[in-house]
Amino acid sequence: MLPATLRPEELDLLNAELTTRALDVVAPGQRVIVADLGTSLGEASLVVIERAQCLIMVVPPEIAAMTDARRALAVFRDIMGVPASRIEVVLNQRSPHTPLDKAAIESVLGRQIAVTVGFDGSKPEEATLSGSLAIQRDPSSYIARGANDIARLIGAHVKLKL
């Protein structure tokens with residue numbers, strides 16, 4: 001599920017009420033709903049966060065991203081009352097050489113990294129250009145292994161056998 005609009009002029013229509021209605025329609029027929037919320041914490045995103053059994057926060061190992069991730073975790077915890085047990089952090093290594101290592105990120109965020117998606121060179125772009133999914137194109141790639149690890153993590157939160 002992508003909380004977005006087809007046209008920029010429709011952005012005002014995407015609100016908490018519409019998101020709630022969409023979730024109310026979809027949720028009864030699905031065991032798992034994955035929503036890509038992007039980086040903003042608009043009212044539509046907040047509705048999804050409040051209802052989620054598991055929040056996966058994907059962060060790159062960059063200093064600026066750590067500041068934003070730490071702030072978001074504080075909002076989830078202190079303002080929204082989301083229990084720490086419902087939040088998982090995934091490290092997305094988008095480049096071969098990162099300014100922060102896993103231990104530094106865990107120290108800054110005060111949380112353990114649940115899954116690390118390793119740098120996979122140009123494989124994601126090549127898959128996109130060929131019209132396929134990276135996980136199908138090379139099931140042993142870092143991207144594929146990371147996606148499988150994230151699926152298992154979500155499955156464990158919602159008690160699915162994978």
Side-chain angles (χ1 to χ4, degrees), residues 1-4 16 19 23 27 30-130 132-162:
M1 188 170 133
L2 295 169
T19 303
L23 288 171
Q30 303 298 318
R31 295 281 313 264
V32 175
I33 299 171
V34 176
D36 182 349
L37 302 179
T39 58
S40 72
L41 288 178
E43 64 178 21
S45 295
L46 296 176
V47 166
V48 175
I49 292 166
E50 288 172 349
R51 291 179 62 158
Q53 291 178 9
C54 177
L55 296 175
I56 305 290
M57 177 182 281
V58 180
V59 296
E62 299 160 4
I63 295 167
M66 291 306 103
T67 302
D68 292 342
R70 193 170 57 212
R71 285 182 186 147
L73 287 168
V75 167
F76 298 156
R77 179 190 64 236
D78 300 337
I79 297 172
M80 299 181 72
V82 176
S85 62
R86 286 180 31 208
I87 303 171
E88 300 289 353
V89 178
V90 170
L91 178 61
N92 182 19
Q93 294 183 320
R94 302 184 301 189
S95 62
H97 306 290
T98 59
L100 297 172
D101 64 5
K102 183 177 175 180
I105 293 166
E106 290 175 338
S107 175
V108 168
L109 297 181
R111 299 190 50 93
Q112 288 190 323
I113 302 295
V115 172
T116 298
V117 180
F119 175 67
D120 231 350
S122 61
K123 288 181 182 180
E125 290 83 6
E126 290 168 8
T128 300
L129 291 173
S130 71
S132 62
L133 298 174
I135 193 168
Q136 291 174 321
R137 189 175 169 105
D138 184 359
S140 64
S141 68
Y142 289 124
I143 296 285
R145 286 185 272 175
N148 284 321
D149 290 345
I150 293 168
R152 280 191 286 280
L153 185 64
I154 293 168
H157 272 270
V158 297
K159 302 189 179 22
L160 285 177
K161 292 183 181 183
L162 300 176

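All heavy atoms count here, side chains included; hydrogens, waters and symmetry mates do not. Small disclaimer: the values here were computed from a predicted structure and weren't measured.
For the residue pair Gly121 and Pro124, the shortest heavy atom distance occurs at O-CD, 3.7 Å. Nearest heavy-atom pair, Pro60 versus Leu91, reported as atom, atom and distance to 0.1 Å: C-CD1, 4.2 Å. Here the closest non-hydrogen pair linking Leu100 and Ala104 is CD2-CB, 4.2 Å. Nearest approach of Pro61 to Gln93, heavy atoms of both residues: CD-CA, 4.2 Å. For the pair Ala144 and Pro139, the tightest heavy-atom approach, listed with the atom from each and the gap, is CB-O, 3.3 Å. Counting all heavy atoms, side chain and backbone alike, Val158 lies closest to Arg31 at O-NH2, 4.0 Å.
To the nearest 0.5 angstrom, Ile143 atom CD1 is 11.5 Å from Leu133 atom CG. Between the CZ atom in Arg70 and the CD1 atom in Ile105 there is a gap of 12.5 Å [rounded to 0.5 Å]. For the atom pair Glu88 CD and Leu55 CG, the distance stands at 9.5 Å (nearest 0.5 Å). Note that the CZ atom of Arg152 and the CD1 atom of Ile154 stand 11.5 Å from one another [nearest 0.5 Å]. Taking CD1 of Ile87 as the reference point, atom CD1 of Ile56 lies at 10.0 Å (rounded to 0.5 Å). Residue Ser107 holds its OG atom at 10.0 Å from CG of Asp101, rounded to the nearest 0.5 Å.
For the pair Gln112/Val89, no side-chain contact is recorded, criterion being any heavy-atom separation below 4.5 Å from C-beta on. Taking 4.5 Å as the limit, some side-chain heavy atom of Leu109 sits within range of a side-chain heavy atom of Met66. Using a 4.5 Å cut-off on side-chain heavy atoms (C-beta onward), Ile150 and Val90 make contact.
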Set out, in order, the CA-CA distance, both residues' side-chain angles and the distance that settles side-chain contact (heavy atoms from CB on, under 4.5 Å) for Val48 and Thr19, then state yes or no.
CA-CA 8 Å; Val48 175; Thr19 303; 3.7 Å; yes

Using side-chain contact (heavy atoms from CB on, under 4.5 Å), reason through Asn92 and Thr116 one step at a time and then give a plain yes or no.
CA-CA 6 Å; Asn92 182 19; Thr116 298; over 6 Å; no

Let me see the working for Glu126 and Ser122 under side chain to side chain donor-acceptor pair (under 3.5 Å), right down to the final yes or no.
CA-CA 6 Å; Glu126 290 168 8; Ser122 61; 2.6 Å; yes

Residue pair Leu73, Arg111: steps toward the side-chain contact (heavy atoms from CB on, under 4.5 Å) verdict:
CA-CA 10 Å; Leu73 287 168; Arg111 299 190 50 93; 3.7 Å; yes

Derivation and outcome, side-chain contact (heavy atoms from CB on, under 4.5 Å), residues Leu153 and Asp149
CA-CA 6 Å; Leu153 185 64; Asp149 290 345; over 6 Å; no

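Annotation for Phe119: atom CZ counts as buried by contact number, over 12 foreign heavy atoms lying within 6.0 Å.
With hydrogens and angles disregarded, no donor-acceptor distance shorter than 3.5 Å links the side chain of Arg86 to the backbone of His157. Panel note: side chain Arg145, backbone Ser140; a donor-acceptor pair is recorded below 3.5 Å. Formation of a donor-acceptor pair under 3.5 Å by the Glu43 side chain with backbone atoms of Ala16 is found in this model.
Only one option out of Glu50, Arg71, Met57 pairs with Phe76 in a side-chain contact (heavy atoms from CB on, under 4.5 Å); it is Met57.
Between the side chains of Arg137 and Ser130, at least one donor N or O lies within less than 3.5 Å of an accepting N or O.
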